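Note sheet for the following structure.
Counting starts at 1 for both ligands and their atoms, following the listed order. For clarity, every value in this text was computed on a predicted model and none was experimentally measured. Residue numbers start at 1 and run along the sequence shown.
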Amino acid sequence: MQISLAKQVALVTGASSGLGYACAKGLAAAGASVVINYNSQAEPAEKLAEEIRQQGGQAIAVQGDVSSQDDVNNLITQAVEHFGGLDILVANSGLQKDAAIGDMTLQDWQKVIDVNLTGQFLTAQAALLQFRKQKGQRQVSRANGKIIHVSSVHQLIPWAGHVNYAASKGGVDLLMRSIAQEVGEEQIRVNSIAPGAIATAINADNTEGDAAKKLLELIPYGRIGASEDVANAVVWLASDLSDYVHGSTLFIDGGMSLYPEFRGNG
Ligand SMILES: NC(=O)C1=CN([C@@H]2O[C@H](COP(=O)(O)OP(=O)(O)OC[C@H]3O[C@@H](n4cnc5c(N)ncnc54)[C@H](O)[C@@H]3O)[C@@H](O)[C@H]2O)C=CC1
Ligand SMILES: C[C@H](O)[C@@H]1OC(=O)[C@H](O)[C@@H]1O
C-alpha cells in the first residue's frame with residue numbers, strides 16, 4: 001500500500017546524513033514538503049533538497065543547532081514561511097561522545113545531553129506550540145500534528161562506555177511518554193522509534209567486518225538494519241495508518257532488544 005502524506009509539512013532534524021537523510025527522502029517520496037535541518041553539513045542537505053525539488057517535490061535545507069532555542073524556533077518559522085505550517089516533526093539529531101565512566105569529561109556528558117535530550121525537548125515543544133497555533137486550519141491528517149522522537153535500543157539496554165548516550169536516550173523515552181500523556185487530548189500524536197544496529201556512517205566501525213559478526217550474534221533476525229528500514233517505519237508513523245498509535249516506542253532492531261545482555265559494540 002502506497003502511503004500518501006500529500007499536503008503535509010515535515011521537519012526532520014539532523015537530516016544531512018544517516019537516518020535523518022533517509023527519513024527526509026522517504027517523507028518527500030510520500031508527498032510531504034520537507035524542511036531538512038542540518039547543523040554543519042550544508043552540502044548534502046542542500047543537495048537532497050534540490051534532488052527532491054527536481055523530482056517534483058518541495059524541500060528546503062535550513063541550518064540550525066537543535067540545542068539552541070532560537071535556532072529551533074527558526075526551523076518552525078521557516079516551515080511556516082515556506083510551506084504554510086507544520087504537520088510532522090522527526091526529532092532525529094543525535095551524537096555520541098564515548099568514554100569509560102571514569103574518563104568521561106563533563107563537557108562530553110553535557111554535549112550529548114544538550115543535543116540528544118534537550119534538543120528533543122526544544123524541537124518537540126516548538127512543534128506542539130505550532131500545532132496549537134494552526135489548530136483547525138490544516139485539514140491534512142486525522143491528528144493535529146505528529147511528533148516522532150528518534151531514540152535507540154539503548155533507552156532500554158544499558159551500554160557500558162556510553163553512559164551519556166544511554167542516559168540521553170532513557171530520557172527521550174520518558175520525555176516522549178510524558179508529552180504524549182499531556183497532549184493526547186488535543187489529538188497531537190507523539191511516538192518514538194528505537195533503532196538497533198543500523199548501517200550508517202557513525203556506525204561504520206561496528207557494522208562491517210569482524211565487528212559486524214559480533215553484533216549479528218545479538219540480532220535474532222540475523223541482519224544489520226538499513227536506513228530505509230527506519231525511514232519506512234517513520235513514514236508509517238507519520239501517516240494516518242497509525243492514527244491510533246500514541247505514546248508508543250517502535251523498536252526497529254531485528255529483535256536486538258530481546259537480549260538482556262549487550263556487551264556493546266565498541
Ligand atoms: N545508526 C544507528 O545504528 C542508530 C542511530 N540512532 C539514532 O539515530 C539518530 C541519527 O543517527 P545516525 O543517522 O546514525 O547518525 P548521523 O551522525 O549520520 O546523524 C546524526 C545527525 O545529527 C546531526 N546533529 C548533531 N548535532 C546536532 C545539533 N546540535 N543540531 C542539529 N543536528 C545535529 C548531525 O549533523 C547528523 O546529521 C541519532 O539520534 C542516533 O542516536 C539510534 C539507534 C541506532
Ligand atoms: C545498537 C547500535 O549498534 C547502537 O545503538 C545506538 O543507538 C548507537 O548509535 C549504535 O548504533
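Using a 4.0 Å cutoff on heavy atoms, Asp71 does not count as a contact of ligand 1. Under a 4.0 Å heavy-atom criterion, Ser40 is not in contact with ligand 1. Proximity of Ala201 to ligand 1 is not established, as no heavy-atom distance is less than 4.0 Å. Residue-ligand proximity: Leu95 is placed with every non-hydrogen atom at 4.0 Å or more from ligand 1. Residue contacts with ligand 1 include Lys169, since one of its heavy atoms falls under 4.0 Å from the ligand. Ligand 1 has at least one atom lying under 4.0 Å from a heavy atom of Gly64. At least one heavy atom of Asn203 sits under 4.0 Å from some atom of ligand 2. Distances shorter than 4.0 angstrom do not occur between any heavy atom of Ala194 and any atom of ligand 1. Contact between Met256 and ligand 2 is present, with at least one heavy atom of the residue lying under 4.0 Å from the ligand. Taking a 4.0 Å cut-off on heavy atoms, Thr13 fails to register as neighbouring ligand 1.
Between Glu51 and Lys25 there is a salt bridge, with a side-chain nitrogen of the basic residue lying less than 4.0 Å from a carboxylate oxygen of the acidic one. Between Asp243 and Lys146 there is no salt bridge, since none of the side-chain N atoms of the basic residue sits less than 4.0 Å from a carboxylate O of the acidic one. Using a 4.0 Å cut-off between charged nitrogen and carboxylate oxygen, Lys47 and Glu50 do not count as a salt-bridge pair. Salt-bridge annotation for Asp240 and Arg142: absent, with no side-chain N of the basic residue lying under 4.0 Å from a carboxylate O of the acidic one. For the pair Asp210 and Lys213, the salt-bridge criterion is met [side-chain N within less than 4.0 Å of a carboxylate O]. Salt bridge absent: Lys169 and Asp173 never bring a charged side-chain N and a carboxylate O closer than 4.0 Å.
Taking a cut-off of under 4.0 Å to the non-hydrogen atoms of Trp159, the atoms of ligand 2 that pass are 4 (C), 6 (C), 8 (C), 10 (C). Short contacts between ligand 1 and Gly196, defined as distances under 4.0 Å to a heavy atom of the residue, involve ligand atoms 2 (C), 3 (O), 4 (C), 43 (C), 44 (C). Taking every heavy atom of Ser152 and a limit of under 4.0 angstrom, the matching atoms of ligand 2 come to 5 (O), 6 (C), 7 (O). When each atom of ligand 1 is checked for a heavy atom of Gly18 under 4.0 Å away, the hits are 13 (O), 18 (O). Against a heavy-atom cut-off of under 4.0 Å, Val150 is close to the following atoms of ligand 1: 7 (C), 8 (O), 9 (C). If you number the atoms of ligand 1 from 1 as listed, the ones under 4.0 Å from a heavy atom of Ser16 come out as 37 (O).
Using a 3.5 Å distance cut-off with no hydrogens or angles, the side chains of Gln69 and Asn73 do not pair a donor with an acceptor. Counting only N and O atoms by type, the side chains of Asp65 and Ser67 include a donor and acceptor under 3.5 Å apart. Between the side chains of Thr13 and Asn37, no donor N or O sits under 3.5 Å from an acceptor N or O.
Polar contact check, Ile198 against ligand 1: a nitrogen or oxygen pair lies under 3.5 Å apart. At under 3.5 Å, a nitrogen or oxygen of Tyr165, whether backbone or side chain, sits near a nitrogen or oxygen of ligand 1. An N or O contact shorter than 3.5 Å links Asp65 to ligand 1 by distance. Backbone and side-chain nitrogen or oxygen atoms of Asn92 are examined, and one is located within less than 3.5 angstrom of a nitrogen or oxygen of ligand 1. For ligand 1, one of its N or O atoms has an N or O atom of Thr200 under 3.5 Å away. The shortest N or O to N or O distance between Gln96 and ligand 2 is below 3.5 Å. For a threshold of 3.5 Å applied to N or O pairs, the pair formed by Val66 and ligand 1 contains at least one separation below that value. Inclusion of Leu19 in the set of residues having an N or O under 3.5 Å from an N or O of ligand 1 is warranted. Considering backbone and side-chain atoms together, Ser17 places an N or O closer than 3.5 Å to an N or O of ligand 1.
The structure places CG of Asn191 at 12.0 Å from CZ of Arg177, a figure rounded to the nearest 0.5 Å. Interatomic distance, Ile148 CD1 to Ser242 OG, rounded to the nearest 0.5 Å: 7.0 Å.
Checking atom 34 (C) of ligand 1 against the protein gives no heavy-atom contact under 4.0 Å.
The hydrophobic clustering, which links ILVMFWY residues whose side-chain heavy atoms are closer than 4.5 Å, places Val62 and Tyr38 apart. Side-chain heavy atoms closer than 4.5 Å link hydrophobic residues (I, L, V, M, F, W, Y) into clusters, and following such links, possibly through other members, connects Val34 to Ile3.
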| request: Kindly determine whether Trp159 and Ser152 satisfy side chain to side chain contact (heavy atoms under 4.5 Å, CB included), including the steps that lead there. | output: CA-CA 11 Å; Trp159 199 7; Ser152 162; 5.8 Å; no
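Counting heavy-atom neighbours within 6.0 Å of Gln110 CD, excluding the residue itself, gives a total above 12. Remark: Glu185 CD is loosely packed, at most 12 non-hydrogen atoms of other residues, nucleotides or ligands lying under 6.0 Å away. Open room surrounds CD on Gln181; 12 or fewer heavy atoms of other groups in view lie less than 6.0 Å from it.
For atom 42 (C) of ligand 1, the choice among Gly225, Ser168, Ser151 with the nearest heavy atom turns out to be Ser151. When Thr123, Thr207, Asn203 are checked for heavy-atom proximity to atom 2 (C) of ligand 1, Asn203 turns out nearest.
Gly14 O, 3.6 Å is the protein heavy atom nearest to atom 21 (C) of ligand 1. Of the protein's non-hydrogen atoms, the one nearest atom 43 (C) of ligand 1 is Pro195 O, 3.3 Å. The protein atom (non-hydrogen) at minimum distance from atom 17 (O) of ligand 1 is Ile202 CG2, 3.1 Å.
Of the heavy atoms in His154, only side-chain atoms (C-beta onward) come closer than 4.0 Å to ligand 2.
The shortest side-chain heavy-atom distance between Phe121 and Gln125 falls under the 4.5 Å cut-off.
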